[in-house]
Amino acid sequence: AMAKKKAKGKEEEEEKKEDDKGKKGKKKMGWKEQLAAEEEEAKLKKEKEEALKNKPPKFVVARHILVSDKNKAQEIYDKLYEDFKDEPNPGAFGKLAKEHSE
């Protein structure tokens, strides 16, 4: 019975060594391969970003305030930007449009 346990223990040890060899046996990526992989990844990322930039938006809501004077238009724009940055409140925009449209 003791001999069977020793034999089984040796088999397990050898299996473990084989597993370790399998892990060590995997070829590590050299710096050239790693550089090539990183460049390829960067290229794919850039292509994806370019595709998104050039893709037209699916839906756009356009609003305007009609004025005849460029200076007045700039004043209205500055007020909107000062109050709301890049996302003006539709209600506030509508109010300004009613006040200033000609």
Side-chain angles (χ1 to χ4, degrees):
M2 189 69 129
K4 283 185 180 181
K5 281 187 180 180
K6 281 187 178 182
K8 189 174 185 180
K10 281 194 176 202
E11 286 176 14
E12 288 175 355
E13 281 181 35
E14 289 194 21
E15 285 178 12
K16 187 176 179 184
K17 285 181 185 177
E18 289 297 318
D19 286 346
D20 289 345
K21 282 182 187 176
K23 289 177 187 172
K24 291 178 186 173
K26 287 184 180 176
K27 186 177 181 182
K28 290 187 178 179
M29 197 183 303
W31 68 270
K32 288 181 182 179
E33 290 88 0
Q34 186 176 0
L35 181 62
E38 288 173 0
E39 286 176 344
E40 181 65 23
E41 186 177 320
K43 180 182 172 188
L44 291 173
K45 184 177 179 183
K46 186 176 179 181
E47 287 173 357
K48 185 177 179 182
E49 288 173 356
E50 286 297 319
L52 288 175
K53 277 186 196 174
N54 297 328
K55 185 177 182 182
K58 291 183 180 183
F59 184 72
V60 176
V61 176
R63 301 184 76 186
H64 69 277
I65 299 174
L66 185 61
V67 294
S68 59
D69 182 16
K70 187 175 181 178
N71 291 330
K72 188 173 181 182
Q74 188 63 49
E75 286 177 27
I76 296 167
Y77 174 83
D78 291 341
K79 177 157 179 49
L80 271 174
Y81 188 80
E82 180 183 303
D83 293 346
F84 303 103
K85 301 294 179 224
D86 287 330
E87 296 183 29
N89 176 317
F93 187 92
K95 184 178 175 187
L96 278 174
K98 282 183 182 178
E99 289 175 16
H100 298 286
S101 285
E102 296 173 356

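The model shown is predicted, which means the values in this text are computed figures rather than measured ones.
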N/O donor-acceptor pairs under 3.5 Å from side chains in residues 46-53, not counting sequence neighbours:
none

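Checked against side chain to side chain donor-acceptor pair (under 3.5 Å), Glu75 has no partners two or more places apart in sequence or in another chain. Applying the side chain to side chain donor-acceptor pair (under 3.5 Å) rule to Asp69 yields no partners; only residues at least two apart in sequence or on another chain are considered. Residues passing the salt bridge (Lys or Arg N to Asp or Glu O under 4.0 Å) test with Lys95: none are found, sequence neighbours excluded. Residues passing the side chain to side chain contact (heavy atoms under 4.5 Å, CB included) test with Ala97, sequence neighbours excluded: Ile65, Ser101.
How far CD of Glu38 is from NZ of Lys45: 12.5 Å, rounded to the nearest 0.5 Å.
Taking every heavy atom of both residues into account, His100 and Ile76 meet most closely at CB-CD1, 3.4 Å.
Members clustered with Trp31: Leu35, by chain and number, using a 4.5 Å side-chain heavy-atom cutoff among hydrophobic residues.
Residue Lys79 qualifies as open at atom NZ: its count of foreign heavy atoms under 6.0 Å is 12 or below.
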